Amino acid sequence: MEMLVVNNLYKSFGGVKAVSNINMKIEEGQIVGLIGPNGAGKTTFFNLLTGIYSPSSGDIVYKLNQEISSINFRPSRMVKYGVARTFQNIRLFKEMTVLENVLIGYHNNFKYNLFTSLFRLPGYYKHEDEAYDEVVELLKTFNLYDKKDVLAKNLPYGEQRKVEIARALASKPKLLLLDEPAAGMNPQETRELTELIQWIREEFDLTVILIEHDMSLVMDLCDDIIVFNYGTLLARGTPEEIQNNPEVIKAYLGGE
Amino acid sequence: MKILTKKNIYTLVLVLLIYFLVLLLSNVGIIDSYIQLNMVIVGINIILAVSLNLITGFTGQFSLGHAAFMAIGAYASGIMTAKLGQPFIVGVAVAALSASLAGLLIGIPTLRLRGDYLAIATLGFGEIIKIIGLNNDYVGGAIGLNDIPRYTNWTWLYFSVIATIFIISNFVKSYHGRACISIREDEIAAEAMGVNTTYYKILAFVIGAFFAGIAGALYANYFYFIKPDTFGFMKSIDILVIVVFGGMGSITGSIVGAVILSVISSFLQGFPELRMVIYAVILFLIMVYRPQGVMGDKEFKLFNKEGGLSGNVSSK
C-alpha cells in the first residue's frame, strides 16, 4: 500500500528553485533514505512534507488515517494526520525535563479539556497518569528512564537525539521523518541508532523517511534510497543499485 | 480520591487558617488601616504579577500592556458599581470578562508578532486604552471616575489572590500549560509536535487579562477613585519588574517578588527624595547578582507529596 504520493512538486524561493519536479510514491512500512549533496533540497522537501512550507505548485498526498492533501497541511496539524518529525539541528525544549519534552509529543493524545485543567477535576489525574505511564514506557525502551527528570539541555548530544526521536514517537505517528538523526554521533552511537530505528519500525509499525549523510547507516538501514541533486530527483533504488549508479557517483565525486 | 491527598488537605487548612487569623487580627485592631492598605497593594500586585507571569514567564510573550487590562477591569467595575449601582460580584465578573475580551481582541492581530515587535504593539495597546479613558467624558476623562463604593475587603482580596494562584498554577501544570512553556522554549518544535501555537498564545493572554481585570476591580473598589494615568506605561513596567525580580516562570517567584517590592516601596515612602534611587539600586543589584530572579524558574513547596513539611525548593 502506498502511503505517500508526491506529484510534480515545485518549491522556489525568489529565483531559486529549491525543489523542482519531484514525483514519487512511498510504500507503507519501508525505511526510505533521502541522500544528496549539501543544498540538494532535502530539508526543503521535509519542510514541504510537514507543512512548514507550502508547495509553489504540485501537491503531496498522505494516505494514512485519511487522505490528506498538501493544501490542508499546517505544521501543528501534521501530528494529527500521523506525521511526526525530528530536526537537523536538535530542537528540544531546553529548559524542560526529558519527561516534559516527551509529554509535549503526547500533546494531541490528551483528552481532558481546559476547564478540567483549570480546576483540576478528577479527569486531570486520570489522564495525566495514563500519559505518564505511556511516556515512561517509551522512555524505558530508549534507556532514558533514569534521566527523565534531567533538563534536556544537560544531556549529552547523542541522548538529545534520542529524546527527539522519543518525543516524535510519543505522538503515535504512522510516518516518522528523521532529519540527519546520526549527525554528530560517533561510529558506536551510529550503530546503536541503526538498531534503534530498525527496532522502532517493527515495534511501532512505522514508515520511516530519513535524511542522512552517514552512508554506512543509510546502506545498512534503508530498503529504498532516493537521491536528490540540485532540487531534482536524480535516482532511486536499492542500496546496491545506488552504490553502482554512475549518475550518483558523479554527483557526489564530481566528474566529466 | 487523589484530590484528598494529605498535601491538598494541609494546604487547604493553611489557606483557611491564614484567612481567619488575619480576620481576627483586623477585628481586634492589631492590623490597622495602614497595614490593611499595604495588604491590598500587595494582594493586587500578586494577582497582576502571577497573571503577567503566565503570559511573559511561561508562554514567553513579552507584554508591556498588562496595566491596560487592569485599567479595563477597574473602569468596568467602577461603571458597574458606581454608575449602575450593581453589587460588587457583578463588577468583578464584568471586569474580568471585559478584560479577557480585550485580551482576545489584542491577541488575534498582535500574536503574529514576536519578541520586541510584540512588546511595542502591546505598549501601543496600553497607550490606546489610556487615551480612550482620558477622552471619554462618561468615565470622567482626565479627572477620573469618582465615588466608587469601597467593596474590596479582606475576604474579596484574599480569595481573589488564592483563586488566581490556584487556577494559574493548575493551568501551568496541565498539558495546556506545558504547551505554553514549549512555545517559550521553541515555537517551531512545539508546532511540529502538534501544539496549536496561536491558540495557546491567545489563551495565555485571555487568562492573564482575566485576572488582571479582577485586580483592576479590586483596585477601583478599594481606592474610591480611578484615573487613566494610574494605569499608564509605568504601571505595566512595575508589574514586569515584579515578574523579572521574582523569576520568570515561577509562580512563587511572582508572589515573593510582589511582597518584597511592595514592602520595600512602602518603607521607602518615608524618604521621598531617595525613594526611586534606592529602589533602582536594589533592582540593579538583583539583576547583576541574580539575573534569573529571586526564585529562577523554581517553585517553593511547603509540603512534600506525602504531606510532611518539606520547605524545599523544587524544580517546577
Side-chain angles (χ1 to χ4, degrees), chain A residues 46-47 50-52 74-81 83-87 90-97 99-122 124-129 131 149-153 164 167-168 170-173 177, chain B residues 1-5 7-8 11-12 54 57-58 60 163-204 206-207 210-211 247-250 292 296-298 314-316:
Chain A
F46 257 36
N47 286 341
T50 51
I52 291 178
R74 300 283 179 283
S76 63
R77 285 192 209 151
M78 300 316 291
V79 167
K80 244 177 258 171
Y81 301 153
V83 181
R85 71 169 292 176
T86 66
F87 293 90
I90 301 176
R91 282 180 174 275
L92 286 176
F93 307 119
K94 293 194 181 71
E95 297 286 338
M96 297 171 89
T97 64
L99 182 74
E100 287 168 332
N101 266 278
V102 181
L103 279 170
I104 293 292
Y106 194 82
H107 182 79
N108 275 347
N109 298 317
F110 276 103
K111 299 279 177 337
Y112 62 91
N113 58 25
L114 183 61
F115 192 76
T116 308
S117 93
L118 292 179
F119 294 96
R120 199 162 282 194
L121 302 177
Y124 167 85
Y125 294 99
K126 186 170 155 269
H127 288 112
E128 285 284 328
D129 284 353
D149 296 321
V150 178
L151 289 186
K153 65 172 181 185
E164 227 195 0
R167 185 178 69 180
S171 69
K172 302 181 182 172
L177 304 172
Chain B
M1 281 287 269
K2 265 195 142 178
I3 300 173
L4 296 176
T5 54
K7 178 187 154 201
N8 289 353
T11 312
L12 184 68
L54 174 65
F58 288 100
T164 308
I165 297 168
F166 176 73
I167 288 177
I168 290 184
S169 57
N170 281 351
F171 177 79
V172 168
K173 283 177 201 146
S174 72
Y175 82 97
H176 300 288
R178 281 195 299 268
C180 287
I181 300 173
S182 76
I183 293 172
R184 176 191 74 193
E185 292 296 313
D186 191 324
E187 201 171 329
I188 291 173
E191 197 138 15
M193 289 300 111
V195 173
N196 185 341
T197 52
T198 316
Y199 169 77
Y200 280 107
K201 283 196 265 182
I202 292 173
L203 185 64
V206 169
I207 295 176
F210 183 90
F211 289 106
M248 304 263 263
S250 166
Q292 71 273 44
D297 64 351
K298 307 285 188 289
S314 91
S315 173
K316 285 163 205 158

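Every chain is numbered from 1, with letters handed out A, B, ... down the list of sequences. This is a predicted model, so every value here is computed, not measured.
- If you tally non-hydrogen atom pairs under 4.5 Å between each of B:Ile188, B:Asn196, B:Leu203, B:Thr197 and chain A, the highest count goes to B:Ile188.
- For B:Ile207, the part lying under 4.5 angstrom from a heavy atom of chain A is the side chain only.
- Within the model, atoms CD of B:Glu191 and CZ of A:Arg74 stand 10.0 Å from one another, a figure rounded to the nearest 0.5 Å.
- Atom CZ of B:Arg178 is separated from atom CD of A:Glu100 by 7.0 Å, given to the nearest 0.5 angstrom.
- Interface residue A:Tyr124: only side-chain heavy atoms are found under 4.5 Å from chain B.
- Taking the six-membered ring where the residue is Trp, the centroids of A:Tyr112 and B:Tyr175 are separated by under 6.0 Å.
- For A:Phe87, the part lying near chain B is the side chain, with the backbone staying farther off; criterion is any non-hydrogen pair under 4.5 Å.
- No donor-acceptor distance shorter than 3.5 angstrom exists from the side chain of A:Glu128 to the backbone of B:Ser174, with no hydrogens or angles considered.
- Interatomic distance, A:Leu118 CG to B:Ser169 OG, rounded to the nearest 0.5 Å: 10.5 Å.
- Chain B forms the most heavy-atom pairs under 4.5 Å with one residue out of A:Val83, A:Leu92, A:Asn108, A:Ile52, and that residue is A:Asn108.
- Closest non-hydrogen pair, A:Ser117 versus B:Asn170, comes out as O-CB, 3.2 Å.
- Evaluated for a salt bridge (charged side-chain N to carboxylate O under 4.0 Å, His left out) with B:Asp186, the options A:Lys94, A:Arg91, A:Lys153 yield exactly one hit, A:Arg91.
- Taking every heavy atom of both residues into account, B:Ala189 and A:Arg167 meet most closely at CB-NH2, 3.9 Å.
- To the nearest 0.5 angstrom, B:His176 atom NE2 is 7.5 Å from A:Thr116 atom OG1.
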Is there a side-chain contact (heavy atoms from CB on, under 4.5 Å) between B:Lys173 and A:Arg120? Walk through the geometry before answering.
CA-CA 10 Å; B:Lys173 283 177 201 146; A:Arg120 199 162 282 194; 3.4 Å; yes

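- Interface residue A:Asn113: only backbone heavy atoms are found under 4.5 Å from chain B.
- Proximity to chain B is absent for every atom of A:Arg77, based on heavy atoms less than 4.5 angstrom apart.
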